[in-house]
Amino acid sequence: AQTVTQSQPEMSVQEAETVTLSCTYDTSESDYYLFWYKQPPSRQMILVIRQEAYKQQNATENRFSVNFQKAAKSFSLKISDSQLGDAAMYFCALSRGTSYGKLTFGQGTILTVHP
Amino acid sequence: DVKVTQSSRYLVKRTGEKVFLECVQDMDHENMFWYRQDPGLGLRLIYFSYDVKMKEKGDIPEGYSVSREKKERFSLILESASTNQTSMYLCASSLGRWDEQFFGPGTRLTVL
């Protein structure tokens, strides 16, 4: 069985500062993808960043980057220069490689950004 | 832009009622998914469909069924609603198995 664990129910950061959200996972598959999704208050879930497991290079999307440690099964999200619009629930997710992209989600981390 | 819509944002039903939640996507995606979101549990997969009339159970299918008669529409059915099915229900779609999933706005269902 696959599991995804987000051990930080809540995090906070000052505007313009950097914050890191943690995620660990467990899977027996060798071929998988990892995702971070963002769910703003009362708004739809959107993709933040995606990482292919076979790629050693960490994915980056503007102010968002990941630290992917495959051996440790760790996939953290770093948000640089935090903005008020980054306030949201963030979910880490693992794609099950063998079947149609089914996702296993973590519990979520609520990020608060202070002005 | 991909658009995934859900028939209701808020729904209140009584125990024992049959409930239909509808989801429509407009980008010809092959895969569609139904999740429920509960505090502290994240999102859990109820059912998914990889083609018209094809479906598979997810992690928590008990008490639910689905229907996909047309590619763009995926319905979640609660045959006899119970109070423990009070939750936020999210629909999603994706083109291929490695592609990002696009989510609808969610339906907050309350079963009294």
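Heavy atoms only: backbone and side chains are in, while hydrogens, waters and symmetry mates are out. The structure displayed is predicted, hence computed values, not measured ones. In what follows, chains are A, B, ... by sequence order, proteins preceding strands, each numbered from 1.
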Trainee: Could you tell me whether a side-chain N or O of A:Asp26 sits under 3.5 Å from a main-chain N or O of A:Thr3, the two making a donor and an acceptor?
Mentor: no

Trainee: Side chain of B:Gln25, backbone of B:Lys71: donor and acceptor closer than 3.5 Å?
Mentor: yes

Trainee: Can you tell which part of A:Tyr33 gets under 4.5 Å to a heavy atom of chain B, answering side chain, backbone, both or neither?
Mentor: both

Trainee: Where on B:Glu30 is there a heavy atom nearer than 4.5 Å to chain A: the side chain, the backbone, both, or neither?
Mentor: neither

Trainee: Take the angle between the ring planes of B:Phe102 and B:His29 and call it parallel below 30°, perpendicular above 60°, tilted in between.
Mentor: tilted

Trainee: Chain A: which of B:Ala92, B:Gly104, B:Gly106 shares the most heavy-atom pairs with it under 4.5 Å?
Mentor: B:Gly104

Trainee: Does atom CZ of B:Arg108 have more than 12 heavy-atom neighbours, drawn from other residues, nucleotides or ligands, at distances under 6.0 Å?
Mentor: no

Trainee: Under 4.5 Å heavy-atom distance to chain B, tell me which part of A:Ile46 shows up: side chain, backbone, both or neither.
Mentor: neither

Trainee: Do A:Lys102 and B:Asp59 meet the salt-bridge criterion of a basic N to acidic O distance under 4.0 Å?
Mentor: no

Trainee: Need one label for B:Arg9: side chain, backbone, both or neither, based on atoms under 4.5 Å from any heavy atom in chain A.
Mentor: side chain

Trainee: Around atom CZ of A:Arg63, are there more than 12 heavy atoms of other residues, nucleotides or ligands at under 6.0 Å?
Mentor: yes

Trainee: Sort B:Leu45 into side chain, backbone, both or neither according to what part of it lies under 4.5 angstrom from a heavy atom of chain A.
Mentor: side chain

Trainee: Answer with side chain, backbone, both or neither: which region of A:Glu52 has an atom nearer than 4.5 Å to a non-hydrogen atom of chain B?
Mentor: neither

